[in-house]
Asker: 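Please find one structure pasted underneath; my questions will follow.
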Amino acid sequence: MNAQIESFLQAVSAPLEFLAGASPEAAARTKVPVAALIEKAHRLALAQSERLRGELEALERGLRDLDGADATARARVAEHCRAIVARIRTAGEPPAAPYRATRPPLEPLLEFLGQSVQFVKHVGPRRAELLRKSGLLRVEDLLYHLPFRYEDRRQVTEIARLRVGQEATVVGTMAHLAERFAGRSRRRLLEGAVRDSSGLLSLTWYNRVAYFAGRYQVGAQYVITGRVEQGLGRSLRITHPEVEPLGEGEVRGIVPVYGKPTAMTVGAMRAVVQGAVRELAERVPSVLPPEVTEARSLLDLGEALRRVHIPGDDDDIDALQQFASPAHRALVFDELFFLQLGLLLRRRQSAVEEGVALVAGSGPRRLREILPFRLTGAQERVVAEIEADMARSRPMHRLIQGDVGSGKTIVALSAALVAVDNRHQAAFMAPTELLAEQHFRNLAPLASQLGVDLALLTGDTKGPERKAIYAGLADGSLPLVVGTQALIQEKVRFRALGLGVIDEQHRFGVLQRAALRALGSPHILLMTATPIPRTLALTLYADLELSFLDELPPGRTPIRTMLFQDNRRPQVYDLVRREVDQGRQAYVVYPLVEESDDPALRDATTMARELSRSVFANYRAGLIHGRMKADEKDAVMRRFKEGDLQILFSTTVIEVGIDVPNATVIVIEHAERFGLAQLHQLRGRVGRGPHASMCLLVASYARGDEANQRLQAMVDSNDGFEIAEMDLRLRGPGDFLGTRQSGLPDFRVANLVRDGRVLEEARRAAQSWLDRDPDLTAPESVAIRAVLRHRWAGRLELATTG
Ligand code: ADP
Ligand code: MG
């Protein structure tokens with residue numbers, strides 16, 4: 001049902017229901033806003049299909065009767081109206097406007113959309129440059145630059161009736177306008193006041209004072225919109241109001257507001273975008289097939305863009321604000337349909353790639369025999385999932401999501417042994433040298449017990465050793481290698497790579513995945529400790545199989561996280577000393593390596609020096625950071641691991657993967673400066689052994705709202721999935737995903753948090769289209785294919801077929 005009609009029906013139902021059942025006396029006393037309802041019915045009727053128009057007109061007549069009816073007749077008329085309402089409700093869902101599919105050829109249209117914004121009216125070279133800096137380069141960027149909110153200027157409010165906090169429009173005469181220098185800093189500002197017959201409203205500008213001062217005139221009439229604040233004394237004020245001269249060109253109704261370059265005014269930006277939409281929205285091709293659009297009453301893109309950018313007075317402003325209007329829904333659906341179509345195609349393509357079936361031999365079993373612990377149920381399950389994948393003759397692309405400390409490394413080793421069982425090789429790639437070295441140190445004893453050769457290859461591996469490793473990989477005599485991105489350097493050749501493992505894959509992008517595949521690895525196993533909510537996983541990883549390591553090894557005690565203001569640091573140091581005195585170890589993490597321009601910021605180098613002389617003078621402390629040479633880092637890490645160092649001052653180099661089970665306390669300084677995912681990773685450095693652990697967050701008092709929420713989330717939850725959901729809410733999906741890096745098209749309209757349901761629907765629609773036409777080669781897919789190629793702009797290889 002059309003949202004407008006639905007909300008109208010809702011509004012009209014309650015009074016009708018009451019009147020239909022009310023006594024004549026009650027009916028007589030009741031005032032129903034009939035005039036407004038009649039008006040609404042009338043306006044709605046104009047926009048509908050013939051059938052619905054007829055019903056709405058009948059309802060309009062009924063309401064008029066109701067208005068004129070005497071008390072005794074009202075119940076009967078109300079009943080009659082209710083019947084019409086019911087008919088409209090069941091009238092099926094005639095689309096608000098038919099979906100007009102664009103006819104081929106689409107290429108000229110798509111090409112045009114890709115042209116510079118300079119092709120748009122009102123955009124000259126100067127504005128084009130401004131827009132470009134805001135990321136609006138092409139015609140279609142402007143068309144898809146949706147308003148981030150709407151102002152309701154359908155109603156003008158009298159100044160005397162304004163309330164603080166309200167978003168309001170007033171009409172009045174500029175009574176005063178003068179520059180002033182305020183405060184001790186002599187800050188320049190512009191003050192004004194506007195008057196209507198009911199009162200006076202202050203206006204204040206802090207930016208571009210000269211510009212605004214020159215733009216408005218005392219005595220002239222303006223339409224003024226903005227959020228009402230408390231001014232001095234009892235006065236009310238709007239800061240940086242939107243001001244338009246009354247009369248010509250003044251903007252009323254539901255008015256969209258756009259993100260814009262700072263140097264452009266709100267009005268200019270609106271004129272540019274709306275001008276573009278009026279003239280060019282028609283050229284955005286709408287190519288969804290009827291079986292997709294009809295069931296969902298989707299609007300075509302031209303219509304949807306027009307409604308989003310140039311709403312009518314009757315539109316539902318709440319739905320617009322929520323991005324939930326039918327027009328928004330059509331845009332979101334369209335975007336997600338092509339996203340899913342691309343991802344599903346990618347997945348299909350990898351499914352038909354040639355692979356090598358590798359069936360597990362004795363390796364995994366022998367590994368279990370030498371491990372000092374039993375695999376958890378989750379580990380066993382994931383190992384089985386991997387083995388089932390590898391045993392097939394198509395390549396595995398599997399992602400293991402497991403919280404920090406869930407034991408991913410052993411699972412990967414087990415998979416590597418399957419390759420070795422089959423006289424294939426396995427490569428294990430980590431994002432940092434430190435982590436690669438740690439993996440090497442942990443895996444080497446196991447590998448040697450199993451009689452499997454293992455080497456470490458990083459950017460730091462010296463000449464002769466490097467040559468030997470290259471040779472071993474090339475002739476197949478070296479079955480296992482752990483390393484950094486040095487593994488995917490051009491010179492590295494494998495005789496028969498069977499499995500590529502990418503640890504902490506969120507630190508890489510898809511490029512490394514592609515590079516590893518290019519090395520000739522049929523099976524790929526990705527691992528991440530940054531879990532991803534389901535909707536996101538469906539999107540970002542629609543081309544992967546997912547495994548969840550959702551169980552921590554037994555005997556872990558939950559980490560206690562506490563938040564300290566920085567003036568309570570002595571207490572933090574006490575807690576650290578107490579742990580270390582009991583034989584445990586501690587990390588103290590800083591955001592910076594060395595002193596910076598900001599004297600308020602603590603850094604690892606300075607603090608390590610100072611604290612080793614003062615509060616921690618009686619302890620053995622070390623320092624590690626990313627600027628140290630690999631062998632220096634390695635030496636420090638080894639001393640810490642062996643317990644020789646009790647306290648390790650560090651930067652975030654220890655963020656991922658580092659595993660020292662005896663470390664039970666981590667102090668994170670300037671915690672407000674870290675993102676949630678990062679804090680959770682850092683926290684994961686402790687709580688890895690049998691001892692109870694603590695994470696002590698030290699934050700400076702001057703932290704913002706968002707930082708506060710982040711820190712609170714850390715205190716409240718130890719669960720990686722919860723943290724990830726929170727992170728997603730706080731940061732928004734764009735930042736969270738980093739679409740550029742992930743190789744997905746940018747999201748222009750859809751928001752994966754908000755639009756999870758549409759995403760699933762779009763996925764089903766895309767899937768059933770592909771079921772019918774797997775390679776998009778049927779004539780009905782020609783247009784879809786063209787748009788798909790355009791949206792993914794080189795990020796998707798479509799099979800080339802005639
Ligand atoms: P992550 O998933 O964060 O990469 P690791 O693979 O580094 O976790 O494992 C964390 C720690 O847990 C390591 O010390 C590892 O040896 C240990 N571990 C892994 N699996 C088990 C298990 N089933 N039982 C006990 N300890 C385990
Ligand atoms: Mg790990």
Side-chain angles (χ1 to χ4, degrees), residues 364-365 367-384 386 398-417 428-447 449 482-484 501-508 525-532 546-559 584-585 587 637 640-643 652-664 666 677-691 693 695 718-721 723-724:
R365 200 194 62 239
L367 172 64
R368 282 183 186 73
E369 285 164 10
I370 60 167
L371 282 177
F373 47 72
R374 283 172 62 104
L375 294 187
T376 63
Q379 283 171 321
E380 290 288 2
R381 190 184 68 234
V382 174
V383 164
I386 293 169
R398 185 170 283 277
L399 173 71
I400 304 182
Q401 297 199 40
D403 212 342
V404 280
S406 57
K408 295 184 285 294
T409 320
I410 290 298
V411 171
L413 178 61
S414 178
L417 294 174
F428 193 131
M429 186 163 82
T432 64
E433 285 182 358
L434 206 57
L435 190 51
E437 279 152 17
Q438 175 191 284
H439 281 322
F440 177 71
R441 256 199 316 278
N442 290 346
L443 298 180
L446 296 171
Q449 282 185 69
V482 172
T484 57
V501 178
I502 304 184
D503 194 18
E504 309 291 350
Q505 79 85 34
H506 56 282
R507 287 303 204 84
F508 298 108
L525 184 61
L526 306 165
M527 308 202 288
T528 181
T530 301
I532 289 171
L546 300 179
S547 283
F548 293 89
L549 259 189
D550 46 9
E551 182 185 347
L552 292 181
R556 303 270 169 86
T557 43
I559 304 163
R584 305 284 85 76
Q585 289 164 282
Y587 297 98
M637 211 54 234
F640 188 65
K641 178 121 197 176
E642 285 162 1
T652 56
V653 285
I654 60 146
E655 177 186 336
V656 287
I658 295 302
D659 184 41
V660 179
N662 190 47
T664 56
I666 183 165
Q678 206 173 15
L679 287 171
H680 183 63
Q681 285 281 346
L682 283 168
R683 175 168 62 184
R685 294 318 104 217
V686 299
R688 303 175 78 86
H691 307 287
S693 295
C695 170
N718 261 322
D719 180 79
F721 276 90
I723 299 270

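The figures here come from the full heavy-atom set of this structure, side chains too, leaving out hydrogens, waters and symmetry mates. From a predicted model like this one, the values you see are computed outputs, not experimental measurements. Every number for a ligand or one of its atoms is a count from 1 in the order of the listing.
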Asker: Out of curiosity, Thr484 OG1 to Glu437 CD, how far, rounded to the nearest 0.5 Å?
Answerer: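 If I round to the nearest 0.5 Å, the distance is 9.0 Å.
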
Asker: Flag the pair Asn662 / His691 as yes when at least one side-chain heavy-atom distance between them is below 4.5 Å, and no otherwise.
Answerer: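 Sidechains of His691 and Asn662: in contact.
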
Asker: Which is closest to atom 2 (O) of ligand 1 in terms of heavy atoms, Gln379, Met527, Glu380, Lys408?
Answerer: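 Of the listed residues, Lys408 has the closest heavy atom.
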
Asker: Using a 4.0 Å heavy-atom threshold (strictly under), name the region of Asp659 that reaches ligand 1: side chain, backbone, both or neither.
Answerer: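 Just the side chain.
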
Asker: Indicate yes or no: at least one non-hydrogen side-chain atom of Arg683 is less than 4.5 angstrom from one of Ile723.
Answerer: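 Answer yes - side chains close enough.
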
Asker: Please say whether Pro553 places an N or O atom under 3.5 Å from an N or O atom belonging to ligand 1.
Answerer: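 No; the residue has no nitrogen or oxygen that sits under 3.5 Å from a nitrogen or oxygen of the ligand.
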
Asker: At a 4.0 Å cut-off, with the gap strictly under it, does some heavy atom of Gly405 reach an atom of ligand 1?
Answerer: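 Flag set, Gly405 near ligand 1.
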
Asker: State whether the shortest distance between N or O atoms of Gly407 and N or O atoms of ligand 1 falls below 3.5 angstrom.
Answerer: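 Yes, there is a polar N/O contact under 3.5 Å.
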
Asker: For Arg441, give me all partners under salt bridge (Lys or Arg N to Asp or Glu O under 4.0 Å), at least two apart in sequence or on another chain.
Answerer: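 Testing Arg441 for salt bridge (Lys or Arg N to Asp or Glu O under 4.0 Å), a comparison that skips the adjacent residues, returns Asp634.
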
Asker: Which atoms from ligand 1 have a heavy atom of Leu375 less than 4.0 Å away?
Answerer: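 Counting atoms of ligand 1 from 1, those under 4.0 Å from Leu375 are 23 (N).
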
Asker: As a test of understanding, state which of Lys408, Arg398, Gln401 forms a side chain to side chain donor-acceptor pair (under 3.5 Å) with Ser547.
Answerer: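 When side chain to side chain donor-acceptor pair (under 3.5 Å) is applied between Ser547 and each of Lys408, Arg398, Gln401, only Arg398 qualifies.
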
Asker: Any idea which atoms of ligand 1 are less than 4.0 Å away from a heavy-atom of Arg374?
Answerer: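 Counting atoms of ligand 1 from 1, those under 4.0 Å from Arg374 are 22 (C), 23 (N), 24 (N).
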
Asker: Mark up the atoms of ligand 1 that fall under 4.0 Å of a heavy atom belonging to Thr376, in ascending order.
Answerer: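 Once the distances to Thr376 are compared, the set is 23 (N).
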
Asker: Report the residues that fulfil side chain to side chain contact (heavy atoms under 4.5 Å, CB included) with Ala415, sequence neighbours left out, ordered by chain and then residue number.
Answerer: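 Scan of Ala415 (side chain to side chain contact (heavy atoms under 4.5 Å, CB included), adjacent residues dropped) gives Ile386, Met390, Leu499, Leu525.
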
Asker: Does the side chain of Asn442 come within less than 4.5 Å of Asp659's, by heavy atoms?
Answerer: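 Contact flag for Asp659/Asn442 side chains = yes.
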
Asker: Any idea which atoms of ligand 1 are less than 4.0 Å away from a heavy-atom of Thr409?
Answerer: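 So the answer, numbered in order with elements, is 4 (O), 5 (P), 6 (O), 7 (O).
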
